[in-house]
Protein chains: 2
Amino acid sequence: MADDQLSRVFAALADPTRRDIVARLAVGDATVGQLAEPYDVSMQAVSKHLRVLQDAGLVSRSRDAQRRPCHLEAEVFDLMTKWLERYRRQAEERFRRLDAVLAAMNEEDDGDQQDTTNKQTGAAS
Amino acid sequence: MADDQLSRVFAALADPTRRDIVARLAVGDATVGQLAEPYDVSMQAVSKHLRVLQDAGLVSRSRDAQRRPCHLEAEVFDLMTKWLERYRRQAEERFRRLDAVLAAMNEEDDGDQQDTTNKQTGAAS
DNA sequence: TTCGTATGCAACCGATTGGTTGAGTAAGAG
DNA sequence: CTCTTACTCAACCAATCGGTTGCATACGAA
């Protein structure tokens, strides 16, 4: 179901263990073993988490002898920030409009408060 | 597994249909039927999506006769933004440190050239 | 070559997810 | 009251998820 990048990123970060891994990689690169150590799950489980993070573009991996160090890719955060910023702006805009309506209602506050409010038409994601 | 708020929010937004619903609610409040109409899924399915969004704190719902209008709660976005900002800052910080190391290496670049740097994989997409 | 370390891959399992259909509920209209 | 509208709830189902175990692989060391 999660086919696009944004879906993969959000799905990846929906797991606390994976967010924890991201937190540790933000401090510095680490191997699978190092990442697995603080948890009481198998290394294969952590390896799976890393595959999810990698598919989401959140981490990249290189080779160092038999180790596969993981590196946090920070650019993906920009994608999320951009997505978020859009709705924050829209929410603020809506808030401003609501304020305006309220102010207008105060000014001429006799009868007739029928809604000139929003019926929306959808946007896409 | 997704018990905390952040997990619920990310999980909720991992679905393209739910992000779409958020996009439409950002424009203005809507009923379940209005939200379901553009998709070729049952209203029950949309109702389930809305329950997920509600549990994540992303939407609230009121009552208007037999209708249940949905309203986007923008505050949750602050939670995500805060989470994101933390890693963006850390990434920048790391980047600055790497720059410093590189600069230091340039300054004393006579003999002795083994890298004490982070091995890091190339940039990305 | 053989051994140990670090990791990946595949198969399996129980819980969750996104969808369905069908029945039930809340409220205005006739 | 009954009918219709607008939903929710409950049961079910296939697919996915997070975990496991067991085996295969890549590489350095002995």
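Here is the naming used below: chain letters follow the sequence lines, and residue numbers restart at 1 for every chain.
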- Is Leu6(B) reachable from Val52(A) through a run of I, L, V, M, F, W or Y residues, each pair having side-chain heavy atoms under 4.5 Å apart?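 Looking at the clustering, Leu6(B) is in a separate group from Val52(A).
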
- Ile21(B) CD1 to Leu13(B) CG distance, which is reported to the nearest 0.5 Å: 11.0 Å

Could you check which of [options] has an atom nearest any side-chain atom of [X]?
X: Val32(B); options: dT8(D), dT20(D), dG28(C); answer: dT8(D)
X: Arg63(B); options: dG28(D), dA27(C), dT8(D); answer: dA27(C)
X: His49(B); options: dG18(C), dC7(D), dC9(C); answer: dG18(C)
X: Val41(B); options: dT20(C), dT20(D), dG18(C); answer: dT20(C)

- Item | dG8(C) base / Gln66(A) side chain donor-acceptor hit below 3.5 Å | no

- Ignoring hydrogens and angles, answer whether the base of dG22(C) and the side-chain atoms of Gln44(B) contain a donor-acceptor pair closer than 3.5 Å.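 Answer is yes: a donor-acceptor pair is held.
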
Close N or O pairs between protein and nucleotides 12-14 of chain D (under 3.5 Å):
none

- Any side-chain donor paired with an acceptor under 3.5 Å for Ser7(B) and Arg19(A)?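 Present: a donor and an acceptor within the cut-off.
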
- Do any side-chain nitrogens or oxygens of Arg68(A) fall under 4.0 Å of OP1 or OP2 in dC27(D)? no

- Task: Starting from the C-alpha separation in whole Å, work towards a yes-or-no answer on salt bridge (charged side-chain N to carboxylate O under 4.0 Å, His left out) for Arg24(A) and Asp20(A).
- Result: CA-CA 6 Å; Arg24(A) 299 187 60 209; Asp20(A) 214 56; 5.8 Å; no

- Message: Using heavy-atom distances to pick each residue's nearest nucleotide on DNA chain D, tell me which of Thr17(A) and Arg67(A) is more 5'.
- Response: Thr17(A)

- Query: Quick one: are Phe77(B) and Met80(B) in side-chain contact, heavy atoms under 4.5 Å?
  - Reply: yes

